[in-house]
Amino acid sequence: MPHADHVDVSSVLKGTPPAGTRVTVRGWVRTRRDSKAGLSFIHLHDGSSFDPLQIVAPNALPNYESEIRKLTTGCAVTATGTLTASQGQGQAVELQAESVTVVGWVDDPEGYPIQQKKTSFEYLREVAHLRPRTNTLGAIARVRHCLSMAIHRYFHERGFFWVHTPIVTASDAEGAGEMFRVSTLDLANLGAIPKTHDGRTDFTQDFFGKEAFLTVSGQLNVETYCLALSKVYTFGPTFRAENSNTSRHLAEFWMVEPEIAFADLAADADLAESFLKYILSALLNERADDMKFFADRIDKDCIRRVEAFVTSPFERVTYTDAIAALEKSGKTFEFPVRWGMDMQSEHERWLSEEYIKAPVVVMNYPKEIKAFYMRMNDDGKTVAAMDVLAPGIGEIIGGSQREERLDYLDRRLAEMHLDPKVYWWYRDLRRYGTVPHAGFGLGLERTIIYATGMGNIRDVIPFPRTPGQAAF
RNA sequence: UCCUCGGUAGCUCAAUGGCAGAGCAUCCGGCUGUUAACCGGAGGGUUGCUGGUUCGAGUCCAGCCCGAGGAGCCA
C-alpha cells in the first residue's frame with residue numbers, strides 16, 4: 001500500500017494523494033463525536049485549509065478508551081491510516097485511522113478559550129495567542145497571506161523591484177500623522193536625559209545623534225529608488241501614533257506603496273485599478289474556501305462585492321465635478337458641501353455607493369488639503385492627487401503624481417512653513433535628472449476588511465496595536 | 001480626544017432596589033456513521049475596581065479601569 005508521510009489536510013481534501021493511500025496527518029482537534037457503533041469522529045485542523053479532515057477512530061485502537069475518548073477541542077494529535085471515501089454526509093474523504101497519537105493534551109478543557117460555540121471577536125482579542133485556531137482568524141491568516149503574495153507577484157511579474165525602505169526614520173518629514181519616537185535616552189530616569197543649554201532634550205546625544213521616529217510611510221524613501229530603477233514598491237509595516245479609536249485604524253499596519261517613473265496621475269490611476277483587480281482576483285481564485293466562509297458567516301455580500309469590483313471599470317471624476325454632484329444631490333449632509341473642503345466619509349460613501357455605484361477614482365484635489373509633494377496642476381488651485389473610493393468602505397487608496405519641478409516644490413514647502421534643509425535629499429531628486437513620477441499607498445488591512453466584510457480592523461492583523469493596547 | 005452604549009459562570013446572555021438564572025462548554029450516564037449531533041443529570045459566581053446611598057445594591061449615585069459603536073484624523 002502506498003504511504004505518503006505527513007500530508008497537509010488541504011492536499012488530502014483536494015484528492016492528493018488519492019483514496020486508498022496510507023498517510024499520516026498532524027494537527028489539532030476541532031471536535032470529537034463518539035458513536036455507539038464503536039467509532040469516534042475527530043475533526044482535525046492543521047490550518048492548511050478552511051475545512052477539517054474527518055478521522056474515523058475505531059474502538060479497537062489500543063488507546064481508544066484511555067486517550068481517544070478523552071480528546072477535547074485543541075488537543076494536538078497525529079493520525080495514521082488509509083484515506084477512504086466517506087460513508088457519511090458532509091465530506092468526500094476521511095481517514096480510517098490505524099493509530100492516533102496524542103502529541104499535546106489540553107490540560108484545562110473547561111478553561112480552554114477556543115470553544116466550539118460562538119465567541120465574540122472582542123473576547124478572542126484577549127486570547128490572541130490562541131485565536132488563529134478559530135475558523136475566522138485562521139481564514140483571515142490565509143487571506144492575508146494570499147493577498148500579500150499576490151501583491152509581490154503582481155509587481156514582480158511587471159518588472160517592479162521591492163525596495164526595503166527603513167522602519168526607523170530621522171526625516172521628521174512625511175507629514176502623514178503623529179509619529180512614535182525612537183530613542184535610547186532613559187525615559188525611566190528623567191534626570192539622566194541630557195539637556196541643551198536652554199533646557200531642551202539634547203538629541204545629539206541620542207542613539208542616532210538626532211530625533212528619530214518609526215516611519216509613517218516609505219514613500220519619500222521609495223521615490224529615490226524610483227528615480228533609479230523606474231518601477232519600485234515598498235511593502236511593510238508603518239506606524240501612526242494618532243489617538244484613533246475606531247474599527248478602521250491601527251497604530252501599526254501594513255502598507256503597499258508603488259512608485260513609477262515617467263508617469264502622470266492617469267498612469268497612476270491605471271496602475272491602482274489594475275493592481276487592485278489583480279490581487280482581489282487572486283483572492284477569489286486561491287481562497288474560495290475561506291471566502292465562502294466569509295459569505296456564509298460574516299458578510300453574505302462579500303463575494304458578490306469583490307466579483308463586481310474586479311469586473312467593473314473604475315469611474316473617474318475630478319474633485320470639482322464630485323463636489324458639484326454632491327451639491328446637486330439634494331441630500332443633506334452633516335458636513336455641508338463646498339469646494340475646498342476635505343471630503344467626509346458621508347460624502348465619499350454617497351459618491352461611490354449612490355452616485356457612481358462602483359469604485360470611483362476622485363482626482364485633482366484642492367492644494368490646501370493635500371501634502372506638499374503633490375504636483376501642482378496648471379490651474380494653480382488643485383494638485384494631481386487621487387483617492388480610490390470603494391463602495392462600502394470609502395477610501396482604499398490614496399496617491400498622487402509627485403511634484404518633480406524644484407521651483408514648484410520649494411514654493412509649496414514655503415507655503416506650508418516646512419524647512420527645505422530638512423528635505424535636502426528629496427530636493428536633490430529634483431536637481432539631478434528629475435522626471436515626472438507618481439505612486440500610491442494601499443492599506444493591507446483595509447483591503448482585507450473590504451474583501452471579507454470583517455467589521456473590525458483589529459481582527460484582520462495577528463497582533464493589533466491600538467491606543468492602550470500592545471498585548472502579546 | 002469627543003458622544004453613546006456596555007462589563008453577571010469558561011463562553012454568549014437574562015434577572016421590577018428583595019433567594020444569583022438559562023443556553024452552550026466541562027464532567028458523568030444514555031443514544032447514534034456522527035456533522036454546531038441529540039437526550040438526562042452534576043459541578044461551576046468576590047456580578048470590572050474603589051467608595052457612597054439604603055433595613056437591603058448585579059440593579060441607584062460618584063470616581064476609575066476595560067470593551068464596543070459612531071465622530072474627528074487617515075490607510
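Lettering of chains follows the sequences in order, A, B, ..., and the numbering in each one begins at 1. As a basis for the values below, the full set of heavy atoms in this structure was taken, side chains included, without hydrogen atoms, waters or symmetry mates. These numbers were taken from a predicted model, which means no experiment stands behind them.
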Exercise. Provide the distance between the two C1' atoms, one in B/A42 and one in B/U46, to the nearest whole Å.
Key: 24 Å

Quiz item: To the nearest angstrom, how far is A/D342 atom CG from B/C73 atom P?
Solution: 6 Å

Quiz item: Closest approach of A/T246 and A/H249, non-hydrogen atoms and distance?
Solution: OG1-ND1, 2.6 Å

Self-check item: Nearest-nucleotide 5' precedence on RNA chain B, A/G398 against A/G455
Solution: A/G455

Exercise. Only counting residues at least two apart or in another chain, list the ones meeting side-chain hydrogen bond (donor to acceptor under 3.5 Å, both in side chains) with A/T318.
Key: A/D321

Quiz item: So A/F294 and A/K292, side-chain contact (heavy atoms from CB on, under 4.5 Å) or not? Walk me through it.
Solution: CA-CA 5 Å; A/F294 288 114; A/K292 178 178 184 307; over 6 Å; no

Self-check item: Partner of A/T165 by side-chain hydrogen bond (donor to acceptor under 3.5 Å, both in side chains), out of A/N221, A/T215, A/T234
Solution: A/T234

Practice problem: Determine the interatomic distance between P on B/C13 and the same-named atom on B/G52; round to the nearest Å. | Solution: 32 Å

Quiz prompt | Any donor-acceptor N/O pair under 3.5 Å between B/C74 base and A/S244 side chain | solution = no

Quiz item: What's the CG-C1' distance between A/L95 and B/U35, to the nearest Å?
Solution: 17 Å

Quiz item: Quantified in whole Å, what is the C1' atom distance between nucleotide B/G21 and nucleotide B/U16?
Solution: 16 Å

Quiz item: Less than 4.0 Å between a side-chain N and a carboxylate O, is that true for A/D8 and A/K14?
Solution: no

Quiz item: With sugar-phosphate meaning primed atoms plus P, OP1 and OP2, does A/L250 contact a base, only sugar-phosphate, or nothing at under 4.0 Å between heavy atoms?
Solution: base

Quiz prompt | Near-strand residues of residues 143-153 of chain A, defined as heavy-atom separation under 4.0 angstrom from RNA chain B | solution = none

Practice problem: Give a yes-or-no answer on whether the side chains of A/Q96 and A/E98 include a donor-acceptor pair shorter than 3.5 Å. | Solution: no

Quiz prompt | Atom of A/P17, atom of A/V23 and distance for their closest heavy-atom approach | solution = CG-CG1, 3.6 Å

Quiz item: Can we say A/K70 and A/E67 salt-bridge, meaning some charged N sits less than 4.0 Å from an Asp/Glu carboxylate O?
Solution: no

Exercise. Quick one: label A/Y123 by what it contacts on the DNA or RNA (base, sugar-phosphate, nothing), any heavy atom closer than 4.0 Å.
Key: sugar-phosphate

Practice problem: Determine the interatomic distance between P on B/A9 and the same-named atom on B/U59; round to the nearest Å. | Solution: 15 Å

Give me the distances for all protein-to-nucleotides 64-67 of chain B N/O pairs that come in under 3.5 Å?
| residue | atom | partner | partner atom | Å |
| --- | --- | --- | --- | --- |
| B/G67 | OP1 | A/Q469 | NE2 | 3.2 |

Practice problem: Please determine if a side-chain N or O atom of A/N135 lies less than 4.0 Å away from the OP1 or OP2 oxygen of B/A36. | Solution: no

Quiz item: Without hydrogens or angle criteria, can the side chains of A/R26 and A/T24 be said to hold a donor-acceptor pair below 3.5 Å?
Solution: no

Self-check item: Phosphate OP1/OP2 of B/A75 contacted by A/T447 side-chain N/O (<4.0 Å)
Solution: no

Quiz item: Does any pair with a residue in residues 450-472 of chain A pass ring-ring contact (aromatic ring centres under 6.0 Å, His included), and if so which ones, sequence neighbours excluded?
Solution: A/H129-A/F472, A/F309-A/Y450

Practice problem: Do nucleotides 27-33 of chain B as a string where each nucleotide becomes B, S or -: B if the base has a protein heavy atom under 4.0 Å, S if just the sugar-phosphate does, - if no protein is that close. | Solution: S---SBB

Quiz item: Once the angle between the rings of A/Y426 and A/Y373 is folded into 0 to 90°, is it parallel (under 30°), tilted (30 to 60°) or perpendicular (over 60°)?
Solution: perpendicular

Self-check item: Centroid separation A/F275 to A/F155 less than 6.0 Å
Solution: yes

Quiz item: Between B/G69, B/G72, B/C73, which one does the side chain of A/T246 approach most closely?
Solution: B/G72

Exercise. Among A/E315, A/M386, A/M343, A/R316, find the residue that satisfies the side-chain contact (heavy atoms from CB on, under 4.5 Å) test when tested with A/V362.
Key: A/M343

Quiz item: What nucleic acid atoms does A/F335 come within less than 4.0 Å of, heavy atoms only: base, sugar-phosphate, or nothing?
Solution: sugar-phosphate

Quiz prompt | Heavy-atom donor-acceptor pair, A/R33 side-chain to B/C38 base, under 3.5 Å | solution = no

Quiz item: How far does the C1' atom of B/U26 sit from the matching atom of B/G58, given to the nearest Å?
Solution: 25 Å

Quiz item: Over how many whole Å does the gap from A/E178 atom CD to B/G72 atom P extend?
Solution: 18 Å

Quiz prompt | Rounded distance in Å between the C1' positions of B/G51 and B/G23 | solution = 36 Å

Quiz item: Parallel under 30°, tilted from 30 to 60°, perpendicular over 60°: which one fits the rings of A/Y319 and A/W339?
Solution: perpendicular

Practice problem: Please state how far atom CD1 in A/I369 lies from atom C1' in B/C74, giving the value in whole angstrom units. | Solution: 13 Å

Quiz item: Expressed in angstrom and rounded to an integer, what is the separation of A/R349 atom CZ from B/G72 atom P?
Solution: 12 Å

Self-check item: Between B/C28 and B/C64 - P atom distance, rounded Å
Solution: 48 Å

Quiz item: Can you check the A/D296 CG to B/A36 P distance for me, whole Å?
Solution: 12 Å

Quiz item: When rounded to the nearest 0.5 angstrom, what is the spacing between OG in A/S49 and CZ in A/R287?
Solution: 7.5 Å

Practice problem: Quick one: stems involving RNA chain B, counted as three or more successive Watson-Crick or G-U pairs, both distances short of 3.5 Å. | Solution: B:1-7 with B:65-71, B:10-13 with B:21-24, B:26-30 with B:38-42, B:48-52 with B:60-64

Exercise. Would you check if A/F253 stacks with the base of B/A75, given a 5.5 Å centroid limit and a 30° plane limit, both strict?
Key: yes

Practice problem: Mind telling me whether A/W162 and A/H152 have parallel, tilted or perpendicular rings, with 30° and 60° as the class edges? | Solution: tilted

Exercise. Could you state the atom-to-atom distance from CD of A/Q219 to C1' of B/C74 in whole Å?
Key: 14 Å

Quiz prompt | Span that lies between the C1' atom of B/A57 and that of B/U53, in whole angstrom | solution = 10 Å

Exercise. For A/M343 and B/G72, give me the distance from atom CE to atom C1', rounded to whole Å.
Key: 17 Å

